[in-house]
Amino acid sequence: MKNANKCPKCGSKEIYTDEGQKKRGEPETIAISNWSRLFIDTYICTNCGYTEEYVRQTDLQDSKKMQKLKDSYKKKIL
Ligand SMILES: [Zn+2]
């Protein structure tokens, strides 16, 4: 839904996101080390409830964070 303008499950265009917004409360994150986290943007279809989550763009462009991720996760074998 980040890269398409409609929900892939139900086709609705009623999609809401918290991308670029200041998060209320505890922001959603993925720990990649004891002190480093990736922030998550969420996209929600308000028609069927389908939800997509993406690592925030600024974190994707942060090569140190991406290296930590690659060190602590394993690459999917294709
Ligand atoms: Zn939907």
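As a basis for the values below, the full set of heavy atoms in this structure was taken, side chains included, without hydrogen atoms, waters or symmetry mates. Numbering of ligands and ligand atoms starts at 1, following listing order.
Atoms of the protein (N, O or S only) found under 2.8 Å from the Zn ion (ligand 1) are Cys7 SG, Cys10 SG, Cys45 SG, Cys48 SG.
A donor-acceptor contact under 3.5 angstrom links the side chains of Tyr43 and Glu19, judged on distance only.
Thr17 places a side-chain N or O within donor-acceptor distance of the main-chain N or O of Thr42, the cut-off being under 3.5 Å. In this structure, Asp18 contributes its side chain and Gln21 its backbone to no donor-acceptor pair below 3.5 Å. In terms of modelled atom types and a separation under 3.5 Å, the side chain of Ser72 and the main chain of Ile32 share a donor-acceptor contact. A donor-acceptor pair under 3.5 Å is absent between the side-chain atoms of Thr29 and the main chain of Phe39, judged by distance alone.
Side-chain heavy atoms closer than 4.5 Å link hydrophobic residues (I, L, V, M, F, W, Y) into clusters, and following such links, possibly through other members, connects Tyr73 to Leu60.
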